[in-house]
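Here's the structure, in structure tokens; my notes come after.
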Number of protein chains: 2
Amino acid sequence: MAIDLRLMRYVLAVAEEGGFQRAAKRLVMAQPPLSRQIRNLERELGVTLFERRPTVRLTEAGRVFVESARTILAESDRLAERTVLASRGEYGTIRVGYIYSAVFETLPRLVAATGRSHPGVTVYVRDAWTPELDAALLADTYDLVLSRDLPQRPEYRRETLRRERLVAVVDEGHPLVRHGRAGLRDFAGQRFCHPPRHLAPDRYHFMTTALERTGETFERWESPIHGLGHLDLGDRRSFALVAGSAVGQVPVGTATIAITDDLPALELQMVWKRDNTSATLEIFIDNARGVAHREGWNDPA
Amino acid sequence: MAIDLRLMRYVLAVAEEGGFQRAAKRLVMAQPPLSRQIRNLERELGVTLFERRPTVRLTEAGRVFVESARTILAESDRLAERTVLASRGEYGTIRVGYIYSAVFETLPRLVAATGRSHPGVTVYVRDAWTPELDAALLADTYDLVLSRDLPQRPEYRRETLRRERLVAVVDEGHPLVRHGRAGLRDFAGQRFCHPPRHLAPDRYHFMTTALERTGETFERWESPIHGLGHLDLGDRRSFALVAGSAVGQVPVGTATIAITDDLPALELQMVWKRDNTSATLEIFIDNARGVAHREGWNDPA
DNA sequence: CCTCCGGATACCCTGCGGGTATGGCGATTG
DNA sequence: CAATCGCCATACCCGCAGGGTATCCGGAGG
């Protein structure tokens, strides 16, 4: 015979009530079977858990038993609760991969909203570049990905989460800063800084065609490192282009300038696999839709 | 009905074997009752734990259940084991208070020996001065105390653990260092540094009488702080007196000099309360006796 | 010495958990 | 496409673990 939760409850009741009769009352049962159960347990373990005379008190071994039993019982109580929550997707983990530019404002909002409405949901987040996100999503390493130009695949479902205008990031001493806004051609001849080209080819294409359409020429500089390396501008004739949600979040020493050109908006998309049936994922997606709606993420700003 | 450990084992078996028949086999039972138990559980929770067609697989909720169930089962397995160990004193906590001078060598040896022979025993240690140790022992805050001159009380049992000669601690540039040994009168006129007098009155008395018996006079300096403050000697005409086990353990910049006077040995005693029936305490005491015997702690060195 | 309180013992009985036989559904194969 | 096989579900039976009632016993208090 193995020790089961019932026996733990019995021992706990006797320990806490300090007597078999009171404990039996609390357990809504008669005293003799309770006494017998505990005696059987003691015989099986070969250990006395209670001194009974002159008064019922825990032995040292009893104290150890009670201590462990308490945590086990507490954990088992939560087991049922958690399982029910999990069936509705309200308990569990969702793994979200995202491109760097989502870290400024979009991702934190989503995580915060999910955490507030569903405290049992853990959102695991990790940044990466587009090719890595694609591979991870395919391999089911992530449940959902926030990206701009993930390849089209039949097994993917995608939804546009946010539309953003471009803004330029420049050194705070840059001559255009005081206007606050500028056209791309105002940057003619200056140095365009961008992230490693092979890590975000579509994005690179989007930006270079925008620059070419101005008819002007630009110097170029490709940052060798991931992340926000291309924002380390270094002088007053360099500029980078990022999504509008970065405004107010760029590194110290830099400033943002709104771009007035009539360009198609940058789209940030949520992408997940059609066959991913996780209810937690559903909840996260619904939440994201709600946030996008409330915050007006569909009108480029 | 509540979820009990048996059900957790069932779910776990089905999850790990990937089928009801194999799981039943592992559980040494027939398949139908197993299926029924799990279906009842699912009904009670109002949650499906397994997809059964086309193949038996865990649902999201099932994964959460299994995850929690694993830790609960592991913990319950340990419960019985720990309880049995505890009945022999081999699992539990013992709280040991000690005076600073035991920290050099004596206490670590005892803790290490106990940890090696009884991995389930946690030794909680705390240093303090004699009056504090006395109060804590009386109040059952500690189970055992290592001290030199605790008051005699009828409820205490005590045993001498170690006899030690005095050694002097001096700055490493002190003129007597190169001899390695000296009589107390060789320190005549120098500054005797000692811990706060009211915190170890008997020790203070022991040392001052030893100094007075030389017929010489000494300057005195009472450190205002606890701990090893009185070993912060500062010049080459100061000395402190400590128990011999401190040799090789004193702060950098200081050195020890053996004292050749024929003085009564310093006794380090274990003291505990007669009515403390903790089996863990017994084990610790037996261990300490063993270490003292093996290390020859009874002949002053 | 008696009483009373509380745990232990003796004995009964019910229902839960497990067994056997069999049905049903989906996938695989000639 | 039919037949077969694998595997889980259903139906029904049974034994015993666990709970109930009645009673005994030991120690503390008056």
Side-chain angles (χ1 to χ4, degrees), chain A residues 1-59 61-63 65-66 69 73 76 79-80 275 277, chain B residues 1-59 61-63 65-66 69 72-73 76 80:
Chain A
M1 175 200 114
I3 300 171
D4 67 340
L5 297 181
R6 190 176 39 85
L7 280 174
M8 296 188 202
R9 278 186 243 277
Y10 288 0
V11 172
L12 209 62
V14 174
E16 286 175 357
E17 297 291 335
F20 286 72
Q21 300 215 99
R22 277 186 296 280
K25 200 165 190 176
R26 175 168 126 186
L27 294 167
V28 199
M29 67 187 288
Q31 167 259 318
L34 175 60
S35 290
R36 196 183 45 182
Q37 291 296 335
I38 290 187
R39 186 158 292 289
N40 286 350
L41 173 61
E42 289 180 323
R43 270 203 249 279
E44 186 188 331
L45 292 175
V47 161
T48 53
L49 298 174
F50 294 101
E51 308 280 352
R52 299 165 209 233
R53 283 176 315 190
T55 167
V56 175
R57 292 181 52 191
L58 280 171
T59 62
R63 259 188 290 280
F65 187 101
V66 164
L73 288 173
S76 330
L79 169 63
D275 64 0
T277 58
Chain B
M1 176 198 114
I3 301 169
D4 68 340
L5 297 180
R6 190 177 37 85
L7 280 174
M8 297 187 202
R9 278 187 242 276
Y10 288 0
V11 172
L12 209 62
V14 174
E16 285 175 357
E17 298 292 334
F20 287 74
Q21 299 214 107
R22 277 185 296 279
K25 200 165 189 176
R26 175 168 127 186
L27 294 167
V28 200
M29 67 187 287
Q31 167 260 316
L34 174 60
S35 291
R36 196 184 45 181
Q37 292 298 333
I38 289 188
R39 185 157 293 289
N40 286 348
L41 173 61
E42 288 180 324
R43 270 202 248 280
E44 186 188 330
L45 292 175
V47 161
T48 54
L49 298 173
F50 294 101
E51 308 279 351
R52 295 158 215 241
R53 283 175 315 187
T55 168
V56 175
R57 293 179 53 190
L58 279 172
T59 62
R63 260 188 288 280
F65 187 100
V66 164
I72 292 172
L73 288 171
S76 339

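To find a chain, count down the sequence lines: A is the first, B the second, and so on, and within it residues start at 1.
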Completion exercise
CG of B/Leu7 to CD of B/Glu44, rounded to nearest 0.5 Å, is 8.5 Å
Exercise for the section: Taking only the side-chain heavy atoms of B/Arg6 (C-beta and beyond), determine which of D/dT21, C/dG17, D/dG19 contains the nearest atom. Expected result: C/dG17
Handout entry: Atom-pair distance (CD on B/Glu42; C1' on D/dA9), nearest Å
Key = 12 Å
Completion exercise
Between CZ of A/Arg57 and P of C/dG6 the distance, given in whole Å, is 18 Å
Problem - Separation of D/dT10 C1' from B/Leu34 CG (nearest whole Å) - result: 15 Å
Problem - Euclidean distance, A/Arg9 CZ relative to A/Leu27 CG, rounded to 0.5 Å - result: 9.5 Å
Handout entry: Rounded distance (Å) that lies between atom P of C/dG18 and atom CG of B/Asn40
Key = 11 Å
Problem - Side-chain donor/acceptor of A/Glu42 to backbone N/O of A/Leu49, under 3.5 Å - result: yes
Exercise for the section: Look at A/Arg26 together with A/Glu16 and state whether they make a salt bridge at an N to O cut-off of under 4.0 Å. Expected result: yes
Exercise for the section: Measure the distance from CG on A/Leu27 to P on D/dG20 and round it to the nearest whole Å. Expected result: 10 Å
Handout entry: Side-chain donor or acceptor of A/Arg57 paired with backbone N/O of A/Glu51 under 3.5 Å
Key = no
Exercise for the section: Check the distance between C/dC16's C1' and A/Asp4's CG and give it to me in whole angstrom. Expected result: 13 Å
Practice task
Could you tell me whether B/Phe50 contacts a base, only the sugar-phosphate backbone, or nothing, with contacts defined as non-hydrogen atoms closer than 4.0 Å?
Solution key: nothing
Fill in the blank from the handout: Considering only heavy side-chain atoms of A/Arg52, the closest of D/dC7, D/dG19, C/dA8 is C/dA8
Problem - Distance, nearest 0.5 Å, that separates CG of A/Leu41 from CG of A/Asp4 - result: 9.5 Å
Exercise for the section: On DNA chain C, check which nucleotide each of B/Val28 and A/Phe20 is closest to and give me the residue with the more 5' one. Expected result: A/Phe20
Completion exercise
Under a 4.0 Å heavy-atom criterion, the protein footprint on nucleotides 9-15 of chain C, written with B, S and -, is B-B----
Fill in the blank from the handout: note: B/Leu41, atom CG; C/dC16, atom C1'; distance rounded to Å ~ 15 Å
Fill in the blank from the handout: Atom NZ of A/Lys25 and atom P of C/dC5 are separated, to the nearest Å, by 13 Å
Handout entry: Residue A/Val56, side-chain atoms from C-beta onward, closest of D/dC7, C/dG18, C/dG7
Key = C/dG7
Fill in the blank from the handout: Here the gap from A/Tyr10 atom OH to A/Gln37 atom CD, rounded to the nearest 0.5 Å, amounts to 6.0 Å
